[in-house]
Amino acid sequence: GAGVSQSPSNKVTEKGKDVELRCDPISGHTALYWYRQSLGQGLEFLIYFQGNSAPDKSGLPSDRFSAERTGGSVSTLTIQRTQQEDSAVYLCASSLKWNTEAFFGQGTRLTVV
Amino acid sequence: DAKTTQPNSMESNEEEPVHLPCNHSTISGTDYIHWYRQLPSQGPEYVIHGLTSNVNNRMASLAIAEDRKSSTLILHRATLRDAAVYYCILRKSGTASKLTFGTGTRLQVTL
């Protein structure tokens, strides 16, 4: 694909349900980032994968949030027992190396009702 | 981690140059200065980055102070499509370094 692809583009879920958000990075990119952006707010860092290194999970807001990156490619962000405050746009980005430009996907808009 | 300080908002007229400032007085020698921007309803996009020397690309120029405690992103001729939030980010050298966004400067461009 030409760019970073995220799915679904929109997700409405009921409070308490689990959700999975998917990110397909640009092929060959070793670095992958997840962020979330609440309405009118800045980007909040969640997690960073770089190659085979242990991911930097320092931004995950609670243990309800987890992410994995399989085979150094596709990444899934899982939110368990969703809460209304989890409503936000979740953005994924990838870069060829740690110090090269990051390309962002269009995001997944999550709404918890 | 070293922090950046940017004005909350700026205005510019179309076709005029725009100078977006960023202060980073606690920058360390291994910190790269990155700029990204986020257009309305879109994900951020890379603009430019540098370490010590001024940098130019097709989108903008980055002027870095000699002491590296501040930098300026220069848009040579603002257009309406440049209206966005501009983020100045310090990123340490090394694979463990993540990309952390602050609050940025919201640039308004008017006719």
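Labels below follow one simple rule: chain letters A, B, ... track the order of the sequence lines, proteins then strands, and each chain is numbered from 1.
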Given heavy-atom pairs under 4.5 angstrom as the criterion, report whether the side chain, backbone, both or neither of [X] touches chain B.
X	value
L43(A)	both
T30(A)	neither
D56(A)	side chain
E101(A)	both
F103(A)	neither
E44(A)	neither

*From the options Y33(A), Y35(A), F45(A), select the one residue that forms a ring pair (Phe, Tyr, Trp, His ring centres under 6.0 Å) with F101(B).*
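So, applying the ring pair (Phe, Tyr, Trp, His ring centres under 6.0 Å) to F101(B) and each of Y33(A), Y35(A), F45(A), only Y35(A) qualifies.
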*Counting heavy-atom pairs under 4.5 Å to chain B, which of Q37(A), Q106(A), K97(A) comes out on top?*
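Maximum pair count with chain B is reached by Q37(A).
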*How far does NZ of K98(B) sit from CH2 of W98(A), to the nearest 0.5 angstrom?*
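It is 14.0 Å, given to the nearest 0.5 Å.
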*asked:* Given 3.5 Å as the limit, does a donor-acceptor pair link the side chain of Y36(B) with the main chain of A102(A), or not?
replied: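 Such a contact is found between Y36(B) side chain and A102(A) backbone.
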_Is any side-chain heavy atom of L91(A) closer than 4.5 Å to one of P44(B)?_
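P44(B) vs L91(A): side chains touch.
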_Is there a side-chain contact between T100(A) and Y46(B) in this structure, where contact means two heavy atoms from C-beta onward sitting under 4.5 Å apart?_
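When only atoms from C-beta onward are counted, Y46(B) and T100(A) do not touch, as no gap falls below 4.5 Å.
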Does atom [atom1] of [X] have more than 12 heavy-atom neighbours, drawn from other residues, nucleotides or ligands, at distances under 6.0 Å?
X	atom1	answer
R77(B)	CZ	no
R106(B)	CZ	no
L39(A)	CG	no

*Establish, yes or no, whether the cationic atom of R91(B) lies under 6.0 Å from the six-membered ring centre of Y48(A) and within 45° of the ring axis.*
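R91(B) over Y48(A) ring: yes.
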